[in-house]
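Following: one structure in structure tokens, then a few remarks.
Below, all heavy atoms of this structure are taken into account, side chains as well, without hydrogens, waters or symmetry copies.
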Amino acid sequence: MKKKAKGLFIGRFQPCSVAHMWLFEQKLNKGVPILIAIRDIEPDEKNPLEPEDVKKLWEKIYEGNENVSVMIIPDIESVNYGRGVGYEINEHVPPDDVCNISATQIREHIKNGSDEWKTMVDEKIHDDIVSLLKNTK
């Protein structure tokens, strides 16, 4: 049986948000499995989470969903392709309510003790996000 090709999503996901999930749903809703590829970056102020922690968060959100694979990839400088590579390159433009969500905004809300971020993150990982971000600088 031929394996079904996957939609690839590359990112830092610092932290995972419903905006990311909206993007993934653009493929999942069409029956296309996805691969969430987390860039292996050194944590810093803008990227406080370890790639392994981000991977665990996505695995928790999509637990039991056989159409979602998650892996850590080496950090990348660019994505390049030649002609006739056999796959599409797609841009999905989110609606305003999703487009305006930012990981920086989520981190700031948590840092300032505001609960506004909770609508921006899947409830399955609320406690994990708070715990992980409190353990960073």
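The minimum heavy-atom distance between Glu59 and Lys55, with the atom names listed, is OE2-NZ, 2.6 Å. Counting all heavy atoms, side chain and backbone alike, Ile41 lies closest to Gln14 at CD1-NE2, 4.4 Å. Residues Lys6 and Val32 approach most closely at C-CG1, 4.4 Å, considering heavy atoms. When all heavy atoms of Val68 and Ile36 are compared, the pair lying nearest together is CG1-CD1, 3.9 Å. Pairing each heavy atom of Trp22 with each of Pro94, the nearest pair is CH2-CA, 3.3 Å. Closest approach of Val18 to Thr119, counting heavy atoms only: CG2-O, 3.7 Å.
By the criterion of side-chain heavy atoms lying less than 4.5 angstrom apart, applied directly or through intervening Ile, Leu, Val, Met, Phe, Trp or Tyr residues, Ile73 is grouped together with Leu8 in one hydrophobic cluster. The hydrophobic clustering, which links ILVMFWY residues whose side-chain heavy atoms are closer than 4.5 Å, places Ile106 and Leu23 together. Side-chain heavy atoms closer than 4.5 Å link hydrophobic residues (I, L, V, M, F, W, Y) into clusters, and following such links, even through other members, never connects Val79 to Ile89.
Qualifying side chain to side chain donor-acceptor pair (under 3.5 Å) partners for Asn90, counting only residues two or more places apart in sequence or in other chains: Glu88. Looking at residues two or more places apart in sequence or on another chain, you find a ring pair (Phe, Tyr, Trp, His ring centres under 6.0 Å) between His126 and Trp117. By the side chain to side chain donor-acceptor pair (under 3.5 Å) test, Asn80 is found to be paired with Ser78, residues two or more places apart in sequence or in another chain being considered.
Paired with Ile61 under the rule side chain to side chain contact (heavy atoms under 4.5 Å, CB included), one option of Lys56, Glu123, Met21, His20 passes, and it is Met21. With respect to Asn100, the side chain to side chain contact (heavy atoms under 4.5 Å, CB included) criterion is satisfied by exactly one of Asp97, Val98, Asp96: Asp96.
Taking the side chain as every heavy atom from C-beta outward, Val70 and Tyr62 never approach each other to under 4.5 Å. Put simply, the side chain of Leu57 does not reach to within 4.5 Å of the side chain of Phe13, judged on heavy atoms.
Judged by distance alone, the side chain of Asp122 and the main-chain N or O of Lys124 form a donor-acceptor pair under 3.5 Å. Looking at Arg107, its side chain does come within 3.5 Å of a backbone N or O of Lys46 through a donor-acceptor pair.
Asp115 CG to Ile110 CD1: the interatomic distance, rounded to the nearest 0.5 Å, is 9.5 Å. Considering CG of Asn67 and CZ of Phe24, their distance stands at 14.0 Å, rounded to 0.5 Å. Once rounded to the nearest 0.5 Å, the distance linking CG of Leu132 with CG of Asp127 reads 11.0 Å. Taken from CG in Asn47 to CZ in Arg12, the straight-line distance is 4.5 Å, to the nearest 0.5 Å. The distance from the CD1 atom of Ile129 to the OG atom of Ser17 is 9.5 Å, given to the nearest 0.5 Å.
Surrounding OH of Tyr81 are at most 12 heavy atoms belonging to other residues, nucleotides or ligands under 6.0 Å away.
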